[in-house]
Every structure is written in structure tokens, then in C-alpha cells.
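Following: one structure in C-alpha cells, then a few remarks.
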2 protein chains.
Amino acid sequence: MTRKAPTLEDVAREAGVSRATVSRVVNGIRNVDPAIREAVREAIARTGYAPNRAARSLVTRRAETIALVVSGAGDDSESEQNAFAARALADPFFGRVVSGVVGFLRPRSMYPVLMFAETEAARQQVLAYLRQGSADGALVFSTHAEDPLPALLAAESLPCVLFARPALPAPLTYVDVDHRQGGRLAAEHLLARGCRRAATVTGPLDLPAAQDRLSGFQDAMARHGHPYVPIAEGGFTFDSGASAMTRLLAEHPGIDGVFAANDLMAQGVCQVLRESGKRVPEDVAVVGFDDSSAAVACRPPLTTVRQPMEEMAATMARLLQEQIEGELTEPTSVIFEPELVRRASA
Amino acid sequence: MTRKAPTLEDVAREAGVSRATVSRVVNGIRNVDPAIREAVREAIARTGYAPNRAARSLVTRRAETIALVVSGAGDDSESEQNAFAARALADPFFGRVVSGVVGFLRPRSMYPVLMFAETEAARQQVLAYLRQGSADGALVFSTHAEDPLPALLAAESLPCVLFARPALPAPLTYVDVDHRQGGRLAAEHLLARGCRRAATVTGPLDLPAAQDRLSGFQDAMARHGHPYVPIAEGGFTFDSGASAMTRLLAEHPGIDGVFAANDLMAQGVCQVLRESGKRVPEDVAVVGFDDSSAAVACRPPLTTVRQPMEEMAATMARLLQEQIEGELTEPTSVIFEPELVRRASA
DNA sequence: CTGAAAGCGCTAACAC
DNA sequence: GTGTTAGCGCTTTCAG
């Protein structure tokens, strides 16, 4: 068996000092004689000491762990549970999020705990996890407008930061992108390249993000003399994008430009266009949203409105950290500017 | 501020019993008078008690946490760090893995900690994390043949279970699929539908999985009178699949069937085929591997060799658990059978 | 600048 | 069946 791991006590004995002193050098506290510090360092190396996280957490009352929760709006239909996780991770959007979170956490030797909160039971588990101090706070990514988790978190004042403004208002800190501006960028680009009959495939319209991308797009179109824009609602998935495009094409065969509210749907749009014998971008220009890996994987590669996801996710982690440390007591929000990335599709 | 959380002591006082008794009902230990148990339950509800994880871990010497690590083979070129996480998650393969792990863990109120070990520094952090008991063990997914992490884990006998047989031999438990059989399935399907000039796009040939899929495919082809099969090596990515197909087509324009060693590459293959004016499956049949979300997203939807990923991942978690509990002391391996899933591409 | 000592909240013997 | 008690390994006053 693995013999008992060395403790502070062992190191102290080895170095001929007290536990307190060893603790000080481990935690990088200044007031330690350089010579002693060196001796302790050596003793640590010699014994192969590693501080025990549970013991430390018990006294500091910090888990030094944060939860990354992907949450939905389901009730208790168990069947959904696992499919939900798979679906959430299938969205290429997610890779950049995790990358941003990990980028912030790793230098602090912290790692995110992955949780899914699709059902009521799962939500309660998330709350329990936080309450018992298994994690100090949560970064939450809602996939549905009706998601009850933010409110629950707020009610118990558990530290958390949301990705995107919640549809159900709650006094919570969040990070978001200026979706209206993103819609505007898409509209102006389509207009600039000469589109005269642009349409849009929106996200689920109960989500503020989807609404705002739409209204930003519409406003910009209107401002340039296009009062009416054909719309088809999608669900942020490839298939929903494809079927929205099919509907659009049936009613408005003359469409020469499409703004899809995310890259996955834009991929579906391109797919349908190709199958209908239309060339992208020659016959129909397509602009996506997100700049996820789907944008590059798409044929043709998508011109898209980029959200600075890594930065946004890192900011979420930072705000959560500040909240946990007590430096941030009032809810706040940070809004990022989107940016148009030109590739081949428009 | 949030007032101090209730402790066992508080609940004990409230219920008029001792801490030990409360602990017993919390942990579901039998020897407790039903009436008292009920009283304690009520006291718990009344006080809103939640057991403190750090305190518990300190005495049980269990973190009740496991790490899910995606590891590579890099040295210390920092630049890679973040891109690695994004790239790893971009593989649709990953969604099913997480889903399987979570499926096993969740009923036990456990959640995976997500870690990336692409550089030497990151690997050391993973080891430190495990040594200090922040996690009880690791589920490791290597993306490279030269990955040094398994050996490091083995050297310190830290509990871990690998996905796939490691290229560098190590006395470690792993879960895998019968790749040769998978290759065989692909070959036989292509043959059965009449392909006479089948080729294959392999994975990185330093990976045992890629080698085995290839040799299984070749063997089956040979057994059916096709001693030679054109090969192009890919890197398990969309782009590598596309360029491998381009090379194949340049040298062997008459190809009528392709076995791509994963779905992502199969998608790239279909892409190139379409651009070359070949119809899938009429002109060229394509079979993928994995049955990841890419298989469904592909046009046409891919006929593919399915790995039971969720089951495999869940099994990994179970084996790790057994190892942590000390029930499993010798390395073992569990091999799953692949299955052909017929869709439109072949 | 260093050491002694008091817990953090919980589990697990061991008594009763 | 229930209570008492001794720590788990660490941080952190508080003296010196």
C-alpha cells in the first residue's frame, strides 16, 4: 500500500522547526528568515510533502474550486439527463468557453468541476454542492430562457456569475456581448456586399440574446431602407438552422443574404442552400454568429460575428473570484463588443 | 453576510441527541432508532444543515472527486496550453465521453474535475492535484502516443484508468474497444455493398487504435481477395481527413469506397468527394468510426462503426472507483465490441 | 521572526 | 442503540 503521506508535522521535524513555520513558507508568507525558509524548502523536497487540501479547506473555509454548470429548464423527466450533457458539449461554442475558464483558473492551480443542471433534481444537487462548500461558487451557462437556477442561486446568495443576461430577471452578476451591435454588424456587412433581400434565422426568441441579435439586425436593415426582413426561428442547432432555411426559401426564393444567429445554424443554412443549388456566397451570402469551431469547419468557411468567448469566460471566472473573496458585493455586468470576422461565406 | 452554516453540533442540540447519532443518520447507518432518526431528520430540515465536505474528507481521506484529464504530449511551449483545451472539446467524441462519466458519477453525487495536461507543467499540476488528495483518482484520455502522463501516474501508483491501451506500455487499467473488429466491420460493409476499390484514411499511425483499425480493415479486405488497399494517414481532424482524401483521389481516382478512422475525418472525406463531383454513396461509399455527433451532422449522415462511448466511459469511472476503494488492486482491461450503424453514406 | 496551542466539522472506535 | 472522545492536517491568533 501507499504509506501515509507526509504532513506538516513531518516536514517540521525534518527541518527542526515548528509546524507554523513550515505552514508559513508553504503559503509564501513573508516573515520568515531566509535561511530557515531554505531549510524548510529542502525538508519539503526531501519528504515529498504536499499540503492536504481537505485540512486546509476546513480551516480556510474555501474549497478553492468552482463549478462550471450548464443548466437547462427541464423538470424531472430523467430521460433527458444524459442526453443533455452530450448535447451541451456538442455545441462547439463550449470549447472556447472552457478554454477561457481554464486559462484563468489554471495559473491559480484551480480546475472547474463540471455539472449539468437539466432537471429539478440536478439543480438541487448543484445547490447542495455549493452549500456544503464543495465549490466556492458557480459559473452558469443557461441554455433556456425559463431556467430557474439563477433565481435559486440568488435566493441563497451563493456566489455565481452568469453567461448572458438572464431572461428571468435576477440580481446577479453576468457577462455578455452586445448582441444588438452584433446583429447590426451582420446587417451592415450583408448590405455592403450588395444584398438586397436579406433574411434571418433567429435563435429561440424567448432568449434575450436571440431577441437582441434579431432586433439589432432589423434596426440596421430598416435604417438602410429595408423595413421588412423575412424571419424564421431556429433553436441554435444545425438541424433547426437547416429547417428554418428550408422554410425561408419556400416563401422567399429570391433571398440573397442570410444572417443566422449562430454558427451551427449557419452551417445548416449553407447545407440547405447547397442542396437547393444555390452557391454561397455568390447566390446567397451567409453570416453566422459566435465564431466557434463550426465557423471554420463550415463549407464555405463562415463570415461571422465573433464573441470574445475566452475573454468573456475568463472575466466570469475573475468576477466570481472577486465575489468569493468578498471584494465584489453588488451584482455587476460586463458587456463585450462583438467583431465581424470575414471568411468566405459573405 | 451569510451567517455561519449549521454544523452537526447544531443539529444535535436541536434534536437533543449527540453528534455521533446525527452523523449516523446523515450517513445512513442502520443502528438508529426509527423515532430518533425521524427527529434528527426534522432537525436537519429545520436547521438547513449540509455536511461540510472538507471536514468529512479530512477524516475519511477521500475527496469524493475524480479528475477527468485530457492529456497530450507537449513539452513546455506555453502557447499551446489554451488552444489544446479548445481543440480537445471541439472533438464531438468528447460529448459522449462526458455524458458517460457524468451518468455514472451523478447518482453518487460526484462530479468530474476537468483538467488538461498538454505541457510538462500541466502534467505536474495534475500529479500535485492527485497527491494532495484534491481528487481520488483520474480518468485519462490521451490524444498522443508519446503521452508521458500514464507512466508518471503509474510510477506514483495514483489511481487511474485510461481510455484506450497506451502506446507506451504501462501497468495500468484501461478500457478500450476492439478496433480491429471495427476495421473488419467497415471492410465487410463496404465489400457487401459492392465496393471493389476501397481505400482508407487512417488516424495517426503511432496510436495503437489507429494501427488496429487499419490492420483490421486490411485483413478483412485481404481475406476477401483485396490484397492491396490505398492508404492515407490523417490526424483525426476534419482538415486532415479532407487533405488525406485529396491525396487519395489524386493517386487513385477510381476509388469507390473509403473507410475513415473517425467521423470527423469522414466528414472531411465527404466534403472533398462532393467538391470533386462524386456522389456519396453512389460513386463513393464512406464509412466512419465513433458514431459521434459528427456522424449525424455529416451530409450525408454517416454509416459508421460505433464505439459504445457512454458505456466505456461509465466503465472507466466504475473501475476507477473500485481502484480507489481498494477492491481492484491489479491492472485490468475491459474491451468493448464495436457495432456498425447504417446511415446514408454507405 | 518563531513557537505553542486552539480549533475548523466531521467520523469512528470504544464505552456504556 | 447511543454517547464520549480522540483525532484527521492545517491555519492562525497570541505570546515570546
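Order of the sequence lines fixes the chain letters, A, B, ..., with proteins taken first and strands second; residue numbering starts at 1 for each chain.
Listed nucleotides dG1(D), dA12(C), dT2(C) differ in distance to Asp33(A); the shortest reach to its side chain belongs to dT2(C). Here the nucleotide nearest the side chain of Arg61(A), chosen from dC10(C), dG9(C), dG3(D), is dG9(C). Among dG9(D), dT2(D), dT2(C), the nucleotide with an atom closest to any side-chain atom of Val32(B) is dT2(D).
Residue-level contact check: Val17(B) touches the backbone only, with heavy atoms under 4.0 Å from sugar-phosphate atoms and none from bases.
The phosphate of dG3(C) has OP1 or OP2 within less than 4.0 Å of a side-chain N or O from Ser18(A). Residue Asn52(A) places none of its side-chain N or O atoms closer than 4.0 Å to OP1 or OP2 of dC8(D). When the side-chain nitrogen and oxygen atoms of Ser23(A) are compared with OP1 and OP2 of dT11(D), one or more of them lie within a distance under 4.0 Å. Within the structure, a side-chain polar atom (N or O) of Asn31(A) is placed less than 4.0 Å from OP1 or OP2 of dC1(C). Distances shorter than 4.0 Å separate none of the side-chain N or O atoms of Thr60(B) from OP1 or OP2 on dT11(C).
Rounded to an integer number of Å, the gap from CZ of Arg53(A) to P of dC10(D) is 13 Å. Between the CG atom of Leu58(B) and the C1' atom of dG7(C) there is a distance of 12 Å, given to the nearest Å. Taking atom CD of residue Glu38(B) and atom P of nucleotide dG1(D), one finds them 17 Å apart after rounding to whole Å. As rounded to whole Å, 10 Å separates atom P of dC10(D) from atom CD of Gln132(B). One interatomic measurement links the two molecules: CG of Asn27(A) to P of dC10(D), which rounds to 10 Å at whole-angstrom precision. Residue Ile29(B) contributes atom CD1, which lies 12 Å from atom C1' of dA13(C) at whole-angstrom precision. A straight line from CZ of Arg19(B) to P of dG7(D) spans 14 Å, rounded to a whole angstrom. Atom CZ in Arg37(A) sits about 9 Å away from atom P in dC1(C), given to the nearest Å.
The minimum heavy-atom distance linking Glu118(A) with Gly72(A) is given by the pair OE1-CA, 3.1 Å.
Between Pro166(A) and Tyr174(A), some side-chain heavy-atom pair lies under the 4.5 Å cut-off.
Side-chain contact check for Gln321(B) and Glu325(B): no donor-acceptor pair (N or O, by modelled atom type) lies under 3.5 Å. Looking only at atom types and distance, the side chain of Glu9(A) has no donor-acceptor partner in the side chain of Thr7(A) under 3.5 Å away.
Mapped onto DNA chain D by nearest heavy atom, Ile36(B) and Leu8(A) fall at different nucleotides, with Ile36(B) at the one closer to the 5' end. Positionally, the nearest nucleotide of DNA chain C for Thr21(A) lies more toward the 5' end than for the other of Thr21(A) and Ala55(A).
Below the 3.5 angstrom threshold, one finds a donor paired with an acceptor across the side chain of Arg24(B) and the base of dG3(D).
Ring centroids of Tyr129(A) and Tyr111(B) are separated by less than 6.0 Å, placing the two rings close together.
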